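Note that the coordinates shown come from a computational prediction; the quantities given were computed from them, not determined experimentally. Counting starts at 1 for both ligands and their atoms, in listed order.
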Amino acid sequence: MNGVEKPSDYPSRSTTLLRKLQNTSQSQHVPRNKATVPLSILVIGAGLGGLATAVALARRGHAVTVLEQAAMLGEVGAGIQIPPNSARLLLSWGIGPFFEGRVVEPESMTFRRWENGNAIGYTKLGSNFRETYGAPYFVIHRADFHHALCSLASQVGVKILTNSKVVEYDEHFPSVKTQDGREYAADLVVAADGVKSVARPVVMGGVDKPPIKTGFAAYRAVVNTDEMKADPDTAWLLEKPGINIWIGEDRHVMTYSIAGGKSFNMVLSHVDHTDPSTWNPEDAVKDMREHFETWDPKLRKVIHLVTKTIKWPLLSGARLSTWVSASQKLIIIGDAAHAMVPYMSQGAAMAVEDGAALAEALSIIRTKERVPNALRVFEKERMNRSYGMQSASLVNGKLWHFPDGTEQQARDCGMRAEVEGRSFVESTNQWSDPVTQLWTYGYDAEEELRQAWSSEMGLTNGQSKRI
Ligand SMILES: Cc1cc2nc3c(=O)[nH]c(=O)nc-3n(C[C@H](O)[C@H](O)[C@H](O)COP(=O)(O)OP(=O)(O)OC[C@H]3O[C@@H](n4cnc5c(N)ncnc54)[C@H](O)[C@@H]3O)c2cc1C
Ligand SMILES: *[C@@H]1O[C@H](CO)[C@@H](O)[C@H](O)[C@H]1NC(C)=O
């Protein structure tokens, strides 16, 4: 990529979807097998990752109970992107009806210059992505996404218990204890308890490796679209559903409309090395405006419509040596295992893929004694995928934040082809770069797991001869 070093683990391999598309004319969803060994499974945490995993497991025939610490089910924050690698799985699980009227399908992603909003990069999403990757690229309000997953979970028989904060794990039984003294046992415990995971140190043999501060922070905000429509300087952003991102020195602003077009979502990122405990919520709106004072006047008008915002530190998970406890009966997934900065818009998508891959792994095995094998294959494949995505996300943190100068010019030059309708073989826009695009959106978590299982079994057979 021009202007920026690729990390050594940067994706370069071909993907399953491509293989599939080459084998069959269309990627059709065959209903997947039920598990031969139905297990009782506890999922800790009813975030997007925990719920998606609960759905994936329950529809294979496992008995799934989710324990959530909060008194009420829900999601904080505003919008979230559901890229095709995640949408494909969710739709195949039957989420379609619960998404109706809630999702927006942006036509495109446009990169804009910080000072005037001029287009410097462009990716056509919409029908292009739907045809190439077998699923749409959606954006949605987080609350709507969460609600849809809850509805689907109850449809497939998942039990969700709120007011259930897990304070203790017994990885051997395995069982968990809640703050109010209840105990739950199962065959397998799947902890999807987020960045501050209580399960992670247990899995890591008593020593936690918490996510690392990245020096990035983000304001999250929504704007009422009626106010935006009243001013031609801002109304154009709503004319066609699209993702627009302004990029400049140390900062960027990602925007799109959500709630079926009724509200406008913004994530405003900046470099910030200060301690989050010193951040004063009362200053957030004022500070946010100051960060973008010299930026595109049209963007500033939208920012001025924001009356409420919260600043979030952005973390990236440390690379863990394992996600599976020594007993092989407790595992971590989602942000607990692989938090990432949101610059590929893939954090929750990775958790959805985790759920799909775990359900696939546990449905391949024929006996309960094979569960540890399934978990190992799962872990290896998912570490590769999600830690690769972590790296790709950090790449955007560099690429988007160059000060004006030679690197910025090389970057803009490297992503301008589509704005000018030229063909290209490589792009500094990771939504468009052919290798990155295929790796990101063409990945089929269920199929990849089956492939990983086959090659792993080849190995295991070789070894078992020696036993
Ligand atoms: C600004 C921003 C923008 C983003 N944009 C995108 C995007 O566009 N697309 C995308 O795919 N991802 C995006 N992400 C990432 C995404 O939000 C996360 O990766 C995802 O929400 C993680 O889900 P999770 O279920 O693993 O964890 P969480 O959402 O943190 O859920 C953990 C759950 O566990 C519960 N819990 C915790 N501890 C306990 C306990 N001890 N007992 C019981 N329950 C417990 C919590 O209450 C919570 O409900 C973004 C993130 C940020 C910060
Ligand atoms: C994933 O696997 C590929 C191929 O084996 C390797 O090149 C790459 O470095 C791995 N990525 C990570 C993040 O481990």
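Of all the listed residues (P313, S86, A348), A348 holds the heavy atom that lies closest to atom 10 (C) of ligand 1. Nearest-residue assignment for atom 34 (O) of ligand 1 (options G45, S345, A339, S197; heavy-atom criterion): G45. Taking all heavy atoms of Q346, Q81, M344, R142 into account, the minimum distance to atom 5 (N) of ligand 1 is reached by R142.
Heavy-atom contacts of L67 reach the following atoms of ligand 1: 43 (C), 44 (N) (cutoff under 4.0 Å). Within the listing of ligand 1, atoms 25 (O) sit less than 4.0 angstrom from a heavy atom of G50. Close approach of ligand 1 to P342 is summarised as follows: ligand atoms under 4.0 Å from at least one heavy atom of the residue are 1 (C), 2 (C), 3 (C), 4 (C), 5 (N), 50 (C), 51 (C), 52 (C). Near G334, the atoms of ligand 1 lying under 4.0 angstrom from a non-hydrogen atom of the residue are 26 (O). For ligand 1, the atoms closer than 4.0 angstrom to any heavy atom of G347 are 10 (C), 11 (O), 12 (N), 15 (C), 19 (O). Contact atoms of ligand 1 toward V166: 40 (C), 41 (N), 42 (N), 43 (C) (distance under 4.0 Å to a heavy atom of the residue). Each of the following atoms of ligand 1 lies closer than 4.0 Å to a heavy atom of S164: 42 (N), 43 (C). Within the listing of ligand 2, atoms 13 (C) sit less than 4.0 angstrom from a heavy atom of R319. Near I80, meaning under 4.0 Å from any of its heavy atoms, are these atoms of ligand 1: 6 (C), 7 (C), 8 (O), 9 (N), 10 (C), 12 (N), 13 (C).
Protein heavy atom in closest approach to atom 28 (P) of ligand 1: G194 CA, 4.2 Å. Counting protein heavy atoms only, atom 1 (C) of ligand 1 is closest to R220 NE, 3.6 Å. Counting protein heavy atoms only, atom 35 (C) of ligand 1 is closest to E68 OE1, 3.3 Å. Of the protein's non-hydrogen atoms, G47 CA, 3.6 Å is the one closest to atom 31 (O) of ligand 1. At the shortest separation from atom 19 (O) of ligand 1 among protein heavy atoms lies D335 OD1, 2.8 Å. At the shortest separation from atom 37 (C) of ligand 1 among protein heavy atoms lies D193 O, 3.3 Å. Protein heavy atom closest to atom 29 (O) of ligand 1, with residue, atom name and distance, is E75 OE2, 3.8 Å. Residue, atom and distance of the protein heavy atom nearest to atom 25 (O) of ligand 1 are G49 N, 2.9 Å.
The aromatic rings of Y441 and Y133 sit tilted relative to each other, their planes meeting at an angle between 30° and 60°.
We find that R385 and E353 are joined by a salt bridge, their nearest charged nitrogen and carboxylate oxygen being less than 4.0 Å apart. One finds no salt bridge joining E456 and R376 here, because no Lys/Arg side-chain nitrogen approaches an Asp/Glu carboxylate oxygen to under 4.0 Å. A salt bridge links E360 with R450; the closest basic N to acidic carboxylate O contact falls under 4.0 Å.
When only interatomic distances are considered, the shortest N/O to N/O separation between K165 and ligand 1 does not fall below 3.5 Å. Considering backbone and side-chain N/O of I44, none are found under 3.5 Å from N/O of ligand 1.
Checked by atom type and distance alone, the side chain of E107 never pairs as donor or acceptor with a backbone atom of K240 at under 3.5 Å. The closest donor-acceptor contact from the side chain of E381 to the backbone of L449 lies at 3.5 Å or more, if one exists at all. In this structure a side-chain-to-backbone donor-acceptor pair under 3.5 Å is present from R200 to A336. Side chain of S197 to backbone of D193: no donor-acceptor contact under 3.5 angstrom is found. Judged by distance alone, with hydrogens and angles left aside, the side-chain atoms of T440 form no donor-acceptor pair with the main-chain N or O of Q437 at under 3.5 Å. Using modelled atom types, one side-chain atom of S427 and one backbone atom of N429 make a donor-acceptor pair closer than 3.5 Å.
Sorted by first then second residue, the ring-ring contact (aromatic ring centres under 6.0 Å, His included) pairs that include residues 164-215, not counting sequence neighbours, number zero.
S164 and T178 share no donor-acceptor pair across their side chains, judged by distance under 3.5 Å alone.
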Which atom pairs, donor and acceptor, lie under 3.5 Å between side-chain atoms of residues 244-254 and protein residues at least two apart or in another chain?
unit_1	atom_1	unit_2	atom_2	d
N244	OD1	R112	NE	2.8
N244	OD1	R112	NH2	3.1
W246	NE1	D296	OD2	2.9
R251	NE	H291	O	3.1
R251	NE	H291	ND1	3.2
R251	NH1	E249	O	3.3
R251	NH2	H291	ND1	3.2
H252	ND1	H401	NE2	2.9

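Here the two rings, on Y343 and F216, have centers that are under 6.0 Å apart.
The shortest heavy-atom distance from A192 to ligand 1 is under 4.0 Å.
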